[in-house]
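Down below is the structure, laid out as structure tokens.
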Amino acid sequence: MKFIFQKWLFLLVVLAFLITFAASWHLHSYLAELSAIDMLESTLSGVSRKISITEDNLKAVTHLSDAAALAKTHAFALLIASDPSILHNKEKLDAVRKKLDVDELHVSDEKGVLQWSVSFNKSLNYRGYDMNSQEQSAAFMPALTDKKFELVQKPQVSGSYKILFQYVGVARIDKPGIVQIGYRPERIIEAQHLADIKQIEEDTRIGTNGTLYIIEKPDLPADYKKVTRTGNSIQLSIAFGKYLLTAELPEEEMYVSRDSVLKVLIIGNLILFGVIFILVSRLLQKVVINGIYSVNESLHEITGGNLEKQVSVSTTAEFCTLSNGINETVSALKKAIENEAKRLDAELEMGRMIQTSILPVDFTDNERYQLHAGMFTAREVGGDFYDFFAIDKDHLAILIADVSGKGITAALYMMTAKTLLKELLQKHPVAEAFDLANQELCKNNKAHMFLTAFAGVIDLNTGIMTCVNAGHNPPVFIYADGTAQYLKIKHCLVLSASRKARYTAVDLQFKKDDKIILYTDGVTEAMNCSKQLFGEERLLQTLSANNASPQEIVELIRTEVSEFAGAEPQSDDITLLVMRYK
């Protein structure tokens with residue numbers, strides 16, 4: 001009778017608790033989602049207004065800037081008509097340029113050839129330039145025949161300055177010719193920066209960790225609106241002009257109020273359940289209590305690591321079944337642990353194969369440089385890699401990096417990062433390549449991985465290497481006389497840590513027989529049985545007064561680290577790249 005009473009009482013309490021919890025959960029979840037959607041809709045409405053205002057401001061600034069530039073050009077044309085002699089006096093012409101607050105003044109003859117020109121850059125000379133020779137300047141040729149001609153070109157990158165530049169031209173008043181000014185449109189550039197959609201994305205706050213996405217999709221209907229629920233967040237998307245605006249709020253922020261109420265509900269129910277349990281427990285027979293204690297003691301030993309422990313409580317049939325079930329579970333767990341260990345070994349071996357398969361191994365000497373590299377994996381494979389490749393016949397790129405994380409995940413991320421960096425370094429300067437790579441790696445980085453990297457591109461004719469250090473170990477530079485020192489190059493933020501990170505390049509000058517040694521932290525953080533680190537100072541001592549070849553240096557460092565560590569297992573890979581400029 002006591003067992004039946006305890007059984008049904010327990011089932012009724014649990015059933016009441018589950019029904020109350022489920023009803024409260026669904027009700028508060030529904031209310032939390034409605035509140036979140038209202039908040040997201042209000043945010044997107046504000047974003048729409050901000051986009052509209054910034055676009056209108058950009059148009060207004062552009063119009064005012066163009067009008068002012070056109071007025072300056074007409075004023076210059078009138079000044080020439082009233083006093084043509086200023087064209088023959090370069091000092092006066094430059095004074096006019098400064099008074100007009102522009103960067104260039106140009107005047108052509110009746111054939112469209114520049115005969116009079118002045119620029120803020122004294123090294124440039126445009127005299128004799130045929131305006132009809134290029135598409136950009138040919139747009140001003142109608143001014144030779146049309147006295148009412150005026151043209152304000154859109155800002156574009158100047159071939160001479162490699163910066164954004166704008167030209168304005170009108171017809172010469174006193175005789176056929178083109179009157180033109182050129183200037184840097186700084187106000188327009190600033191307005192474009194303020195109107196940048198990405199800037200609006202970054203400046204808009206949605207809760208604490210919410211995200212705003214602005215995508216250009218001009219084919220959406222004006223009344224487009226969609227709510228999307230994912231496993232971790234809720235999204236609201238609306239159409240605004242040519243843009244699709246999407247606001248995302250993480251689930252943990254959306255359900256803050258619901259979770260607070262449910263915590264109180266759970267605590268109240270647990271207290272009630274505890275009171276009932278205490279009252280009922282007084283009715284339990286001592287044999288049951290003693291059996292539970294015996295089982296718990298055995299389980300404590302098992303959870304402490306003693307998987308050989310057997311549970312043997314047989315005071316009742318129920319305890320016999322429980323003991324047998326626990327013993328069978330422990331036996332199955334032992335087998336599962338053995339199988340998991342085998343699986344992990346296979347995964348590590350696969351990661352090692354992935355990591356080593358994409359590393360270049362052809363170290364054939366070149367008449368202008370000598371290079372050698374090596375990657376020596378630890379038991380738990382990391383994400384180290386190196387690379388070197390010719391950008392053209394006169395430029396060589398070298399690269400070393402260390403990916404956070406271990407195993408196959410790190411190896412696959414390493415492949416992605418290596419391929420991306422190599423492709424960008426072949427097309428862009430080093431700093432720009434790192435900027436683009438960082439933006440790309442930050443996308444969909446759900447594993448929150450990052451990598452330290454050092455890359456340099458050397459001009460094999462001049463020996464000048466342009467390089468960027470993204471949080472990597474400082475390289476060692478060995479001069480031709482054997483002197484070794486660390487290169488204290490500015491550390492930029494590691495790649496894939498923040499989209500706002502920007503990277504700065506510096507130049508290194510190589511002379512004949514100078515060498516650079518790139519390495520990962522598996523070298524300096526190698527540990528011996530006394531828990532001492534190999535360290536940067538020991539590495540520098542190893543390399544000082546060293547005139548060995550790159551291959552010998554790689555082997556030397558590996559041997560020194562191996563002898564230092566002894567039998568102590570290492571947790572990180574060792575990757576080395578040595579280049580000698582010949």
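We number each residue from 1, following the sequence as shown.
- A donor-acceptor pair shorter than 3.5 Å cannot be found between the side chains of Tyr129 and Ser117.
- Counting heavy atoms of neighbouring residues, nucleotides and ligands inside a 6.0 Å radius, atom CZ of Phe450 does not exceed 12 of them.
- A donor-acceptor contact shorter than 3.5 Å links the side chain of Tyr386 to the backbone of Pro360.
- A donor-acceptor pair under 3.5 Å links the side-chain atoms of Thr43 to the main chain of Met39, judged by distance alone.
- The stretch residues 510-519 participates, sequence neighbours left out, in these side-chain hydrogen bond (donor to acceptor under 3.5 Å, both in side chains) pairs: Asp513-Arg580.
- For the atom pair NZ of Lys582 and CG of Asn366, the computed distance is 7.0 Å after rounding to the nearest 0.5 Å.
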Let's go through His106 and Met131 carefully: what are the C-alpha distance in whole Å and the side-chain angles of both, what is the deciding distance for side chain to side chain contact (heavy atoms under 4.5 Å, CB included) to 0.1 Å, and is it a yes or a no? CA-CA 10 Å; His106 305 295; Met131 295 286 285; over 6 Å; no

Using distance only, find each side-chain donor-acceptor pair of residues 478-494 under 3.5 Å and give its atom names and separation, not counting sequence neighbours.
from	atom 1	to	atom 2	distance (Å)
Tyr479	OH	Gln485	NE2	3.2
Asp481	OD1	Thr483	N	3.0
Asp481	OD1	Thr483	OG1	3.0
Asp481	OD2	Thr483	OG1	3.4
Tyr486	OH	Glu536	O	2.5
His491	ND1	Ile489	O	3.2
His491	NE2	His472	O	2.7

For Tyr126 and Leu105, what are the C-alpha separation, side-chain angles and deciding distance, and is it a side chain to side chain contact (heavy atoms under 4.5 Å, CB included)? CA-CA 10 Å; Tyr126 292 98; Leu105 294 177; over 6 Å; no

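- When only modelled atom types and interatomic distance are considered, Tyr167 and Gln136 share no side-chain donor-acceptor pair under 3.5 Å.
- Using a 4.5 Å heavy-atom threshold, the side chains of Leu249 and Leu236 count as separate.
- Judged by distance alone, the side chain of Lys147 and the main-chain N or O of Arg172 form a donor-acceptor pair under 3.5 Å.
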Would you sort out whether Glu150 and Thr73 count as a side chain to side chain contact (heavy atoms under 4.5 Å, CB included), showing the intermediate values? CA-CA 9 Å; Glu150 57 184 28; Thr73 311; over 6 Å; no

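- At least one side-chain heavy atom of Ile398 sits under 4.5 Å from a side-chain heavy atom of Leu371.
- Qualifying side-chain contact (heavy atoms from CB on, under 4.5 Å) partners for Lys226, counting only residues two or more places apart in sequence or in other chains: Tyr224, Thr228.
- Here the closest heavy-atom approach between residue Ile458 and residue Met579 is recorded as CD1-CE, 3.9 Å.
- Here the closest heavy-atom approach between residue Ile178 and residue Gly112 is recorded as CD1-CA, 4.4 Å.
- Side-chain contact check for Asp362 and Thr364: at least one donor-acceptor pair (N or O, by modelled atom type) lies under 3.5 Å.
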Under the criterion side chain to side chain contact (heavy atoms under 4.5 Å, CB included), I'd like the reasoning laid out for Leu144 against Ser108: C-alpha separation, chi angles, the key distance, then a yes or no. CA-CA 9 Å; Leu144 298 175; Ser108 79; 4.1 Å; yes

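- Contact check for Phe76 versus Val107: side-chain heavy atoms found under the 4.5 Å cut-off.
- Within the 3.5 Å criterion, the main-chain N or O of Gln166 finds no donor-acceptor partner in the side chain of Tyr183.
- Using a cutoff of 4.0 Å between basic side-chain nitrogens and carboxylate oxygens, Asp130 and Lys111 are not scored as salt-bridged.
- Ser52 places no side-chain N or O within donor-acceptor distance of the main-chain N or O of Ser48, the cut-off being under 3.5 Å.
- Partners of His448 under the ring-ring contact (aromatic ring centres under 6.0 Å, His included) rule, at least two apart in sequence or in another chain, do not exist in this structure.
- For Ser544 (side chain) and Leu540 (main-chain N/O), a donor-acceptor pair under 3.5 Å exists by modelled atom type.
- In this structure, Gln439 CD and Leu441 CG are separated by 10.0 Å, a value rounded to the nearest 0.5 Å.
- Looking at Ser82, its side chain does come within 3.5 Å of a backbone N or O of Leu78 through a donor-acceptor pair.
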Throw together a table of side-chain donor-acceptor distances under 3.5 angstrom for residues 424-435, partners on residues two or more places apart or in other chains.
from	atom 1	to	atom 2	distance (Å)
His428	ND1	Glu432	OE2	3.2
Asp435	OD1	Tyr503	N	3.1

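- The structure places CG of Asn473 at 13.5 Å from CD1 of Ile517, a figure rounded to the nearest 0.5 Å.
- Side-chain contact between Thr211 and Ile206: absent, with no pair of heavy atoms (C-beta onward) separated by less than 4.5 Å.
- The two residues Leu451 and Tyr413 make their nearest non-hydrogen contact at CD2-CE2, 4.0 Å.
- Around NZ of Lys50, the count of heavy atoms belonging to other residues, nucleotides or ligands within 6.0 Å exceeds 12.
- Contact check on Lys225 versus Asp223 returns no salt bridge, with no Lys/Arg side-chain nitrogen under 4.0 Å from an Asp/Glu carboxylate oxygen.
- Here the shortest heavy-atom pairing between Cys467 and Gly456 reads CB-CA, 3.8 Å.
- In this structure the side chain of Leu399 never reaches within 4.5 angstrom of the side chain of Lys422, judged on heavy atoms.
- Not one N or O on the side chain of Arg184 forms a donor-acceptor pair closer than 3.5 Å with the backbone of Phe165.
- For Phe363, the ring-ring contact (aromatic ring centres under 6.0 Å, His included) partners are His372, Phe388, not counting sequence neighbours.
- Side-chain atoms of Leu114 and Trp116, non-hydrogen and from C-beta on, never get closer than 4.5 Å to each other.
- In this structure, the separation between NZ on Lys500 and CZ on Arg502 is 10.0 Å, given to the nearest 0.5 Å.
- Taking every heavy atom of both residues into account, Ala497 and Cys442 meet most closely at N-SG, 4.3 Å.
- A salt bridge is absent between Lys90 and Asp94; no separation between the charged side-chain nitrogens and carboxylate oxygens falls under 4.0 Å.
- The heavy-atom pair separating Thr462 from Gln509 by the smallest distance is O-NE2, 3.0 Å.
- With rounding to the nearest 0.5 Å, the separation of CG in Asn461 from CG in Asp394 is 4.0 Å.
- Residues Thr520 and Asp384 bring a donor and an acceptor atom of their side chains to less than 3.5 Å of each other.
- More than 12 heavy atoms of other residues, nucleotides or ligands lie within 6.0 Å of CZ in Arg368, so this atom counts as buried by the packing criterion.
- Here the CD1 atom belonging to Ile86 is positioned 4.0 Å from the CG atom belonging to Leu79, to the nearest 0.5 angstrom.
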